[in-house]
Amino acid sequence: MTPAQGGVRGWAAARKGHLSRLRFTSLRLRLVVVFGLVALTAAVSASGIAYWLNREAVLTRTQDAVLGDFKQAMQNRAGTLPPHPTQDELQHTAGQMANTSQRFSVLLVAHDSDGRTVYGSSGGLDGFSLQDVPASLRAAVNRKQAVDSGNKYAYHLYWQRVVDHGTPYLVAGTRVIDGGSTGYMLKSLEPEAKDLNSLAWSLGIATGLALIGSALLAQAAASTVLKPVQRLGVAARRLGEGKLDTRLRVSGTDELADLSRTFNHAAEALEKRVEYMATRDESSRRFVADMSHELRTPLTAITAVTEILEEELEAESGSVDPMIEPAVRLVVSETRRLNDLVENLMEVTRFDAGTARLVLDDVDIADQITACIDARAWLDAVDLDAERGVHARLDPRRLDVILANLIGNALKHGGSPVRVSVRETDDEIVIAVRDHGPGIPEDVLPHVFDRFYKASASRPRSEGSGLGLSIAMENAHIHGGEITAANSAEGGAVFTLRLPRDASRLAQEAEKDQGKNGDAT
């Protein structure tokens with residue numbers, strides 16, 4: 001790319017950025033539009049009023065000067081003509097009357113001694129004739145009015161503005177009072193019209209400049225007003241991303257400054273609250289981890305004793321007193337349950353602390369499921385529908401935990417037979433575990449993966465700890481997968497496990513996310 005091309009593209013990109021901000025920032029656009037409309041209305045109103053006032057002033061001044069000179073000429077020149085002048089006299093007088101600074105044409109009309117109508121024209125404007133005078137004006141000029149106290153003269157001066165072929169004219173006429181000739185005047189208003197057109201163009205340019213100035217002023221005002229709002233939006237997004245130390249710089253005493261102070265106070269309170277909650281959460285996790293760790297030592301000894309008691313129960317010698325045999329069996333079962341609970345708590349603590357890691361290997365899904373079922377002696381209660389050769393890169397131990405929890409939950413709370421089916425797509429492995437029990441109540445479905453959740457509140461004590469499905473979900477998540485629970489249309493519950501074929505990339509992303517969350521907390 002040449003430097004010229006880079007400059008053009010850079011300019012185009014910058015221009016596109018400005019247009020996009022103007023287009024999508026509605027508040028900015030509204031401010032610019034409102035400022036523009038106000039400025040346009042004010043400029044158009046001022047220009048219209050100025051044009052109208054100047055137009056009337058120019059035309060009235062020109063009209064008064066022309067009519068005054070014409071009236072004076074009629075009195076001084078046409079008034080001296082005999083009652084029945086000749087055409088030469090009219091022609092000579094019309095030329096004298098037109099010889100003024102106002103440069104208008106004159107037409108005189110009279111009757112000679114023989115009663116014929118004679119005309120005298122100054123000869124200007126291609127021959128000013130009676131046909132150039134509107135009929136209404138001629139009728140008004142020749143109309144004789146009664147003379148009384150309110151009207152001293154029988155004839156008056158009348159005028160009219162006309163436009164001929166785009167050129168404005170002033171036409172006027174009057175008649176000598178004591179009989180004699182009638183005079184008409186024709187004055188071109190083209191110079192005045194050109195001046196008014198120049199004034200209109202000037203006012204139009206001023207209106208356009210006012211509109212551009214208002215748009216620039218609106219843009220500057222919008223930037224001044226919206227910049228703190230934009231900073232507030234950026235700060236809110238950073239706060240939402242977990243950067244709780246985000247603060248706004250406060251300057252001034254206006255409402256936006258008060259808003260920035262309020263945001264800073266809220267962010268500070270939120271940071272303190274989150275730190276307090278994080279401390280409490282860390283203390284809780286540490287307590288659970290320490291408690292689980294401390295319980296493992298006595299549990300090891302107790303487990304060893306219970307194993308001996310269990311061997312005595314199974315021995316044919318009958319060394320255990322039949323009276324205490326139920327108590328011994330209860331101790332054995334509860335010890336196993338407590339041991340499982342401690343192990344589950346340790347696993348949950350690792351998930352909460354973000355220390356759980358995957359140990360990936362190439363896994364044959366069918367072999368893994370078969371090994372899980374066989375190790376727990378579930379072969380007679382589980383139907384497997386899976387073809388060998390379906391491979392995925394997963395953590396075998398965690399996959400075994402997921403399968404054991406799903407299948408064990410189906411056998412315990414559903415109905416036999418439990419059917420496990422496997423299907424594959426280009427990107428993932430889908431394992432469905434379906435039982436033939438009564439299904440899961442609709443109000444229970446949203447909570448089946450919650451920790452320590454028991455579907456029956458009347459039986460809070462059961463063989464399970466309430467952590468199995470939650471741990472299965474956590475193991476699926478660390479693989480980048482998901483588990484969903486639903487009721488089958490044919491009856492029974494269906495748990496569907498979806499895992500990626502290669503969890504290595506997703507595991508790395510999950511570790512990065514956990515690290516970011518830890519930093520944000």
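These values consider heavy atoms only, across backbone and side chains, with no hydrogens, waters or symmetry-generated copies. For the single chain, residues carry numbers from 1 onward in sequence order.
- Within the 3.5 Å criterion, the main-chain N or O of Ala57 finds no donor-acceptor partner in the side chain of Thr60.
- Residue Arg138 holds its CZ atom at 7.0 Å from OH of Tyr184, rounded to the nearest 0.5 Å.
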side-chain contact (heavy atoms from CB on, under 4.5 Å) evaluation trace for Glu474 with Ile478
CA-CA 6 Å; Glu474 294 290 349; Ile478 200 174; over 6 Å; no

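- Distance alone, capped at 3.5 Å, places no donor-acceptor pair between the Asn475 side chain and the Ile402 backbone.
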Evaluate side-chain contact (heavy atoms from CB on, under 4.5 Å) for Arg498 paired with Ile431, printing each intermediate quantity in order.
CA-CA 7 Å; Arg498 298 178 181 273; Ile431 302 173; over 6 Å; no

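- Taking 4.5 Å as the limit, every side-chain heavy atom of Thr100 sits out of range of all side-chain heavy atoms of Arg103.
- Atom CZ of Arg161 sits in a crowded spot, with more than 12 heavy atoms from other residues, nucleotides or ligands closer than 6.0 Å.
- Other residues, nucleotides and ligands contribute only 12 or fewer heavy atoms inside 6.0 Å of the CD atom of Glu490.
- Residues Val141 and Gly173 share a closest heavy-atom pair of CG2-O, 3.4 Å.
- Electrostatic pairing of Lys272 and Glu268 counts as a salt bridge here, judged by a charged N lying under 4.0 Å from a carboxylate O.
- For Arg247 (side chain) and Leu244 (main-chain N/O), a donor-acceptor pair under 3.5 Å exists by modelled atom type.
- Nearest heavy-atom pair, Val250 versus Ser260, reported as atom, atom and distance to 0.1 Å: CG2-CB, 3.9 Å.
- Dense packing is recorded around CZ of Arg261, with more than 12 heavy atoms of other residues, nucleotides or ligands lying under 6.0 Å away.
- For the pair Val433 and Leu406, the tightest heavy-atom approach, listed with the atom from each and the gap, is CG1-O, 4.0 Å.
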Glu271 vs Asp245, test: side-chain contact (heavy atoms from CB on, under 4.5 Å). Steps then yes/no.
CA-CA 7 Å; Glu271 184 179 19; Asp245 58 343; 4.1 Å; yes

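- Not a single donor-acceptor pair under 3.5 Å links the side chain of Asp114 to the backbone N or O of Arg116.
- The structure places CG of Leu199 at 5.0 Å from CG of Asn54, a figure rounded to the nearest 0.5 Å.
- Between the Ser488 side chain and the Ala493 main chain, no donor and acceptor come within less than 3.5 Å of each other.
- Between Leu499 atom CG and Leu399 atom CG the span is 6.5 Å, to the nearest 0.5 Å.
- A donor-acceptor contact shorter than 3.5 Å is absent between the side chain of Ser45 and the backbone of Ala42.
- Contact annotation: the side chain of Gln63 never approaches that of Leu189 to less than 4.5 Å [non-hydrogen atoms, C-beta and beyond].
- Between the side chain of Asp395 and the backbone N or O of Val359, at least one donor-acceptor pair lies under 3.5 Å.
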Residues 191-198, side-chain donor-acceptor partners within the protein, below 3.5 Å, at least two apart:
unit_1: Glu192; atom_1: OE2; unit_2: Thr62; atom_2: OG1; d: 3.3
unit_1: Asn197; atom_1: ND2; unit_2: Ala193; atom_2: O; d: 3.3
unit_1: Ser198; atom_1: OG; unit_2: Lys194; atom_2: O; d: 3.1

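- Closest non-hydrogen pair, Ala392 versus Pro500, comes out as CB-O, 4.4 Å.
- Side-chain contact check for Ser101 versus Asp69: some heavy-atom pair is nearer than 4.5 Å.
- Residues Leu130 and Leu107 form a side-chain contact, since some pair of their non-hydrogen atoms from C-beta on lies under 4.5 Å apart.
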Met185/Phe128 under side-chain contact (heavy atoms from CB on, under 4.5 Å): CA gap, chis, key distance, verdict
CA-CA 9 Å; Met185 180 273 302; Phe128 178 34; 5.6 Å; no

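- Surrounding NE2 of His391 are more than 12 heavy atoms belonging to other residues, nucleotides or ligands, all under 6.0 Å away.
- A donor-acceptor contact shorter than 3.5 Å is absent between the side chain of Gln75 and the backbone of Gln72.
- Here Leu81 contributes atom CG and Leu108 contributes atom CG; the two are 7.0 Å apart, rounded to the nearest 0.5 Å.
- Between His111 and Val118, the closest side-chain pair of non-hydrogen atoms is not below 4.5 Å.
- Tyr153 OH to Thr174 OG1: the interatomic distance, rounded to the nearest 0.5 Å, is 11.0 Å.
- Between the side chains of His156 and Asn151, a donor-acceptor pair is found at a separation under 3.5 Å.
- In this structure the side chain of Ser470 never reaches within 4.5 angstrom of the side chain of Phe449, judged on heavy atoms.
- You'll find the side chain of Tyr155 stays beyond 4.5 Å of the side chain of Asn142, heavy atoms only.
- Residues Asp426 and Arg501 come closest through the heavy atom pair O-CD, 3.4 Å.
- To the nearest 0.5 Å, atoms CG (Asn76) and CD (Gln96) are separated by 11.0 Å.
- Within the 3.5 Å criterion, the main-chain N or O of Thr167 finds no donor-acceptor partner in the side chain of Asp164.
- Side-chain contact check for Gln160 versus Ser136: some heavy-atom pair is nearer than 4.5 Å.
- Annotation for Arg393 and Asp502: closest pair CD-OD1, 3.6 Å, computed over non-hydrogen atoms.
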